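Small disclaimer: the values here were computed from a predicted structure and weren't measured. Indexing begins at 1, ligand by ligand and atom by atom, following the structure's order.
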Amino acid sequence: MRGPHNIWRLIRTGATLERTGAMGDVLDAFGAPAHLRLVARILGWPFSPLGLKGDPDVPPVVRALTALGPAYIKFGQILSTRPDVVGARLAGELSVLQDKLPPFPVEVAKAEVARDLGIDVDAAFTDFSPPIAAASIAQVHSARLVGSNRKVAIKVLRPGIEKAFRKDIDAFYLIASVIDLLAPGARRLRPMDVIRHFDGVVMGELDLRLESASAAEFAATTARDARFGVPQVHWVLSGKRVMTLDWVEGVSANDLTAIRAAGHDLPELGERVLQLFLKQALRDGYFHADMHQGNLKITASGDLIALDFGIMGRIDEYTRRVYAEIVYGFIRKDYRRVAEVHFEAGYVPADRDIDEFARALRAVGEPIFGMDASRISMGRLLAYLFEVTERFGMETRTELILLQRTMVVVEGVARSFNPHINIWDVARPVVEDYIAKNVGPRAVARDLARTGRVLARFGPRLPALVERALLEQTGTPREAPRTDWRGRIGWIAVGAVGAAVAGGLLELLVL
Ligand SMILES: Nc1ncnc2c1ncn2[C@@H]1O[C@H](COP(=O)(O)OP(=O)(O)O)[C@@H](O)[C@H]1O
Ligand SMILES: [Mg+2]
């Protein structure tokens, strides 16, 4: 959607940044080159009276984004998870952005539910409540199901939100292309990539079916975690713009007074929340990536229940193993090993000096271990680690940054329950358990078994596959080697099945 309204948005954005004093911070954060700064200042300055004023009590960038509206706020929130793009300082500032917005009326919400699900709302729900919480994208109501009388939470997207976001995102693309034009190829400045990333994340949040799917997947991966829960999705009463979940009865993790009054063991809750998070991230590679107090409830029996599945993180098995070894290396203060792991995994280019790298890693680890137990942070350790690895040529990985950011948030939650918590002592058993099960002989046995199973599945097709591969390799005419290879291919197939059996046996014995 190109057009004059985008130009107007571009001007209003620049003017607001100028008027709130945020322009300099933004240009700094993106490492904008001098001529781009000059152009931005010269163009922004005369328009500054057209900019929005915002709340002068908050830092400039937060002030500007809050004034510019929901899409900008969301943009800021997403950038807060990308210190690789905006730098650590601005990322920290942005992480306080709250997207509380005035709610829309319950009648409008009911109409949205009726339209999206194609149902008569009063025939499906009773006691449809006024809005309980309202944010930029959606709001939440409670109700009861007709028939079972079961209490549910209903999340409803704001009417017209897709169109509103679309317009702002189109303006973001225009702004990005202008920056691209003025400063092509600036290193830290990849405006188009940044907007595309934002576009992708927001489009995901604007489809509640994806959040429902996340809730269901998270419920499945954590089904056996003791004293932890995820509300069940009611798929028949959920759609693109509506999500219905079981209602979670309990106190919010925000409300320490109520948690105490209910007689819960606060230090134990602190340990549990941290261990659950680590276990889920390591074991399943699927974790809740927005685990602040507002998204956690504690039931009367003391179970921790997670809510809000808009942002989830995923880390593949290989990366999990590598990072478990890295963290384990730090725990044992074996910096040389931590360095080696990076090289073995190919994360750091082979031409870098391993001793220099190990020295830099020691500079990351030692100060943290020297800290008073109540200040130690694994999240901070990872943040420093990523700074060093970036310096040594490792590419930024968004999923790891998301993990690190969430770790900081979860540590904050744990610390709010127990200010004296020793993060290392709580984390160590989880990491050690994972290492024992996933790195070393057990892992080798399991990998072998898995490889064997895959090969065995190809069993009947193996001879043909190998023959084709060999012919492509050698380029020899079909007739000559044929008889020669037949026998050997048979042996390869036998070998594959043998590996499968051996691996399976080994797995049975070791695990
Ligand atoms: N299943 C539920 N049971 C009880 N309360 C809920 C449930 N789902 C949401 N809520 C309430 O609504 C608030 C907002 O829901 P959430 O999913 O976190 O939306 P948002 O993405 O806007 O933060 C939560 O903080 C919680 O108080
Ligand atoms: Mg929430």
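Atoms of ligand 1 lying under 4.0 Å from any heavy atom of Leu307, numbered from 1 in the order shown and given with element: 1 (N), 2 (C), 6 (C), 7 (C), 8 (N), 10 (N), 26 (C). The Ala135 neighbourhood of ligand 1 comprises atoms 22 (O), with distances under 4.0 Å to a heavy atom of that residue. When each atom of ligand 1 is checked for a heavy atom of Gly294 under 4.0 Å away, the hits are 25 (O). Near Asn295, meaning under 4.0 Å from any of its heavy atoms, are these atoms of ligand 1: 18 (O).
Contacts between Lys155 and ligand 1, counted as non-hydrogen atom pairs separated by less than 4.0 Å, involve the side chain only. Both the backbone and the side chain of Val248 come within 4.0 Å of ligand 1, counting heavy atoms alone. Only backbone heavy atoms of Asp246 (N, CA, C or O) come within less than 4.0 Å of ligand 1; its side chain stays farther off.
No donor-acceptor pair closer than 3.5 Å links the side chain of Lys240 to the backbone N or O of Leu208. Between the side chain of Arg19 and the main chain of Gly51, a donor-acceptor pair closer than 3.5 Å is present.
Scanning all protein heavy atoms for the shortest distance to atom 9 (C) of ligand 1 gives Val140 CG1, 3.9 Å. Here the protein heavy atom with the shortest distance to atom 23 (O) of ligand 1 is Asp308 OD2, 2.9 Å. Distance from atom 2 (C) of ligand 1 to its nearest protein heavy atom, with residue and atom name: Ala153 CB, 3.4 Å. Atom 13 (C) of ligand 1 has as its closest protein heavy atom Ala133 CB, 3.5 Å. Regarding atom 27 (O) of ligand 1, its nearest protein heavy-atom neighbour is Lys297 CE, 4.6 Å.
Taking the N/O/S atoms of Asp308 in turn, the shortest distance to the Mg ion (ligand 2) belongs to OD2.
A parallel orientation is assigned to the rings of Phe369 and Trp424, their planes being inclined by less than 30° (bins at 30° and 60°). Aromatic ring pairs are classed by plane angle as parallel below 30°, tilted from 30° to 60° and perpendicular above 60°; the pair Tyr347 and Tyr323 is parallel.
At least one cation-pi condition fails for Lys167 and Trp8: the charged atom is not both under 6.0 angstrom from the six-membered ring centre and inside a 45 degree cone around its axis.
A salt bridge links Arg272 and Glu268; the closest N-O separation between the charged side-chain nitrogens and carboxylate oxygens is under 4.0 Å. Ion pairing between Arg320 and Glu317 fails under the 4.0 Å rule for side-chain N and carboxylate O. A salt bridge links Asp193 with Arg196: at least one charged nitrogen is closer than 4.0 Å to a carboxylate oxygen.
From Leu68, atom CG reaches atom CG of Leu17 across 6.5 Å, with rounding to the nearest 0.5 Å.
Checking atom 20 (P) of ligand 1 against the protein gives a heavy-atom contact under 4.0 Å.
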